[in-house]
Amino acid sequence: YYEKAFALYDTLPMFRDSDTRAEACRKAVYDRGVALADGGNYEQAANLMDMMCMEYDEYPDSGEKSQYYAGCYEMQEGNYDLAYGYFIGLEDYMDAPTRAQEALNTMYAKGEECYAEGLYADAYEYLMEGINVLSRLNEKMFEAYIVGGAVRDILLNKDFNDIDIC
């Protein structure tokens with residue numbers, strides 16, 4: 001409702017205090033997004049912050065909050081490679097670097113669990129997610145490589161024990 005209210009106020013400047021009301025509505029939407037995230041509803045929080053950064057530039061951290069909350073949502077959903085992609089782009093924002101490392105560690109831990117249980121196809125999926133992460137690191141001008149025995153084993157179509165990233 002907030003979104004509709006401040007859109008209406010923005011289009012009706014005939015109200016004497018419409019700027020004040022519009023700003024109050026924008027602040028309410030921003031605050032609602034923060035409250036949703038505080039309650040663990042990261043998907044809706046990310047959507048609200050995304051709207052704020054696209055429509056209004058009065059809240060300069062709404063873009064970062066949108067990206068951060070989207071990363072938190074992907075972590076909740078178990079999409080660790082997507083979460084990592086969101087967090088790695090926020091180098092100095094809140095605890096994003098820690099969350100990026102957490103996503104990467106979780107991804108590899110899940111792969112190792114699957115491998116240990118003989119679920120090689122699932123372990124392979126986690127490996128592929130790791131490769132996607134490496135691609136994202138390279139796109140951001142970081143150098144990262146899979147090294148060690150995993151490279152040999154992948155090329156020889158053998159089962160691998162672990163993945164080393166350098």
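In this structure, Y93 and Y68 have perpendicular ring planes: the angle between them is above 60°, well past the 30° mark.
Looking only at atom types and distance, the side chain of N79 has no donor-acceptor partner in the side chain of Y73 under 3.5 Å away. Between the side chains of D61 and Y30, at least one donor N or O sits under 3.5 Å from an acceptor N or O. Side-chain contact of R99 with Y86: a donor-acceptor pair under 3.5 Å is absent, judged by distance alone.
Nearest heavy atoms, A96 versus L90: CB-O, 3.2 Å. Between S66 and A46, the closest heavy-atom pair is OG-O, 3.3 Å.
The line from CZ of R32 to CD of Q44 is 7.0 Å long, rounded to the nearest 0.5 Å. The line from CE of M94 to NZ of K65 is 5.0 Å long, rounded to the nearest 0.5 Å. One finds the CZ atom of F87 at 6.0 Å from the CE atom of M75 (value rounded to the nearest 0.5 Å). Here the straight-line distance linking atom NZ of K110 with atom OH of Y80 works out to 4.5 Å at 0.5 Å rounding. The distance from the CG atom of L48 to the CD atom of E43 is 11.0 Å, given to the nearest 0.5 Å. To the nearest 0.5 Å, atoms CD (Q101) and OH (Y84) are separated by 7.0 Å.
Hydrophobic cluster membership differs between M107 and L119, with clusters built from Ile, Leu, Val, Met, Phe, Trp and Tyr side chains linked at under 4.5 angstrom.
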Residues N47, M51; criterion side chain to side chain contact (heavy atoms under 4.5 Å, CB included); working and verdict = CA-CA 6 Å; N47 290 337; M51 181 193 67; over 6 Å; no
